[in-house]
Novice: 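Quick one: the structure is below, and I'll ask about it shortly.
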There are 2 protein chains.
Amino acid sequence: MRQITAGQGTVTNQHYNVKTFHSTNSVGYLLKVSHAQMLARAEAIFAPNGISFVQWMALLKLSEGQAQTASDLCRAMCHDNGAVTRMLDQLEERGYVTRQRSVQDRRVVELALTAAGEQQVAALKPQFVEALNGLMDGFSKAEFAELTRLLNKLLLALQTKGLAGAEG
Amino acid sequence: MRQITAGQGTVTNQHYNVKTFHSTNSVGYLLKVSHAQMLARAEAIFAPNGISFVQWMALLKLSEGQAQTASDLCRAMCHDNGAVTRMLDQLEERGYVTRQRSVQDRRVVELALTAAGEQQVAALKPQFVEALNGLMDGFSKAEFAELTRLLNKLLLALQTKGLAGAEG
DNA sequence: ATACAATAGTTGCCGAAGCAGACATTGATG
DNA sequence: CATCAATGTCTGCTTCGGCAACTATTGTAT
């Protein structure tokens with residue numbers, strides 16, 4: 001007999017029902033497809049500039065001060081450790097990022113954007129913002145705000161509870 | 001001079017602004033991270049049953065009648081052609097799916113779920129639904145409905161317009 | 001009937017991501 | 001001081017998805 005739990009307590013809101021469940025209604029599926037579509041479009045924008053979406057996002061995170069080290073990037077971008085290392089290899093090779101061992105904690109490699117890196121962020125940000133605006137053009141201000149809020153709420157739920165049943 | 005267009009017309013709703021834009025506000029970023037998190041959790045659920053999330057989703061699509069052929073699956077799941085072929089190899093090898101050349105159109109391969117495939121869908125659906133419910137427990141009925149609606153709206157926008165700037 | 005485009009499926013190739021293991025370093029504990 | 005867990009980074013291995021090329025088949029146009 002399965003116990004329906006989700007981290008802290010019992011499930012009260014039964015949004016989905018086994019009888020009526022349909023794949024196209026699943027939030028997971030919607031996220032998967034919309035993310036895939038959006039990523040493809042984003043790559044199409046960045047590709048002509050010789051940079052991938054994740055690479056640019058890494059530069060952006062650095063530019064925003066959300067990350068100073070590789071570990072920071074991993075956490076901030078929800079990205080694999082090894083993948084980040086290899087990505088930084090490429091970004092360093094292309095002269096967008098510099099790596100320097102920290103003197104306080106010699107495990108840490110401090111990351112810094114070069115002028116070229118800053119420029120790449122600044123150059124592509126308008127394109128990216130514009131593309132997002134174009135995509136969301138059919139959304140009212142309220143809808144846009146609500147979507148952003150709900151996605152953030154979902155993200156918070158994912159980080160705190162995760163999906164129930166995984167530990168059963 | 002860049003023209004701000006998005007498929008059919010000029011952008012009117014400037015949800016994002018280059019000056020105030022921040023990565024954590026970007027819908028693309030939110031989708032990326034929440035999808036990654038959710039996928040990871042889903043895999044954790046399916047892994048003990050020796051099946052991946054995409055594999056199970058394929059079985060589900062077949063079970064729902066959303067797909068009869070490999071091409072159908074590609075479109076329905078927004079998945080690569082070759083990847084689907086190889087996935088079907090595995091599913092067939094494990095006895096979840098049968099492939100049979102169509103006699104009407106001998107290019108197509110008709111897919112069918114085996115009893116084991118049906119059983120796998122039926123067995124894991126409750127777990128999946130329950131996990132989703134647990135995750136969305138903090139969402140009110142209205143919030144849940146709105147999130148679903150907005151994601152579907154986003155998906156529609158992606159499929160019709162795509163991201164502006166890609167063709168520029 | 002022939003030629004050509006379009007579609008369905010398969011395969012090889014490449015790049016990227018996830019995972020595990022290794023190494024160095026730090027901090028805490030005995 | 002010795003030990004050990006924890007953290008940060010890097011590397012090898014494996015898997016998987018996207019892309020392109022190829023074959024086979026169908027439909028269409030000349």
Novice: Just checking, B/Lys125 and A/Phe21: is the charged tip under 6.0 Å from the six-membered ring centre and within 45° of the axis?
Specialist: no
Novice: Using C1' atoms of five pairs at each end, report the bend of the helix from C/dA1-D/dT30 to C/dG30-D/dC1 rounded to 10 degrees.
Specialist: 10°
Novice: Going 5' to 3' on DNA chain C, which nucleotide is the first and which the last to come under 4.0 Å of a heavy atom in chain A?
Specialist: C/dA16 to C/dT26
Novice: More than 12 heavy atoms of other residues, nucleotides or ligands under 6.0 Å from CD of B/Gln119: is that the case?
Specialist: no
Novice: Roughly how far, to the nearest 0.5 Å, is the CG atom of B/Asp137 from the CD atom of A/Gln14?
Specialist: 8.0 Å
Novice: Report the residue (A/Met87 or B/Asp72) whose heavy-atom-nearest nucleotide on DNA chain C is the more 5′ of the two.
Specialist: B/Asp72
Novice: Let's go through B/Leu151 and B/Leu31 carefully: what are the C-alpha distance in whole Å and the side-chain angles of both, what is the deciding distance for side chain to side chain contact (heavy atoms under 4.5 Å, CB included) to 0.1 Å, and is it a yes or a no?
Specialist: CA-CA 10 Å; B/Leu151 283 178; B/Leu31 285 178; 4.1 Å; yes
Novice: Name the nucleic acid region contacted by B/Asp105, choosing base, sugar-phosphate or nothing; use a 4.0 angstrom heavy-atom cut-off, strictly under.
Specialist: sugar-phosphate
Novice: Quick one: salt bridge (charged side-chain N to carboxylate O under 4.0 Å, His left out) pairs with a partner in residues 66-79 of chain A, sequence neighbours left out?
Specialist: A/Asp72-A/Arg75
Novice: Taking for each residue the nucleotide of DNA chain C bearing the nearest heavy atom, is the 5' side occupied by A/Arg106 or by A/Arg86?
Specialist: A/Arg86
Novice: Cation-pi between B/Lys61 and A/Tyr29: NZ/CZ under 6.0 Å from ring centre and within 45° of the ring axis?
Specialist: yes
Novice: Using the heavy-atom set of chain A and a strict 4.0 Å cut-off, write down the first and last nucleotide of DNA chain D that makes it in, 5' to 3'.
Specialist: D/dA6 to D/dG12
Novice: Under 4.0 Å between any heavy atoms, over every strand shown, what does B/Ser71 touch: base, sugar-phosphate, or nothing? Just pick one.
Specialist: sugar-phosphate
Novice: Please determine, by modelled atom types, if A/Gln90 and A/Gln55 share a side-chain donor-acceptor pair under 3.5 angstrom.
Specialist: yes
Novice: Any donor-acceptor pair under 3.5 Å linking the side chain of B/Glu143 with the backbone of B/Ser140?
Specialist: yes
Novice: Between residues 49-70 of chain B and DNA chain C, which residues have a heavy-atom gap below 4.0 Å?
Specialist: B/Thr69, B/Ala70
Novice: Between B/Tyr16 and A/Phe128 (judged by ring centroids, cut-off 6.0 Å), do the two rings come close enough to count as a pair?
Specialist: no
Novice: Roughly how far apart are B/Leu150 CG and A/Phe139 CZ, rounded to 0.5 Å?
Specialist: 5.5 Å
Novice: Using the test salt bridge (charged side-chain N to carboxylate O under 4.0 Å, His left out), find all partners of B/Glu92 that sit at least two apart in sequence or belong to another chain.
Specialist: B/Arg99
Novice: Considering the options B/Val97, B/Thr114, B/Leu124, which one meets the side chain to side chain contact (heavy atoms under 4.5 Å, CB included) requirement together with B/Leu59?
Specialist: B/Val97
Novice: Give a yes or no on this: more than 12 heavy atoms of other residues, nucleotides or ligands lie within 6.0 Å of atom NZ of A/Lys141.
Specialist: yes
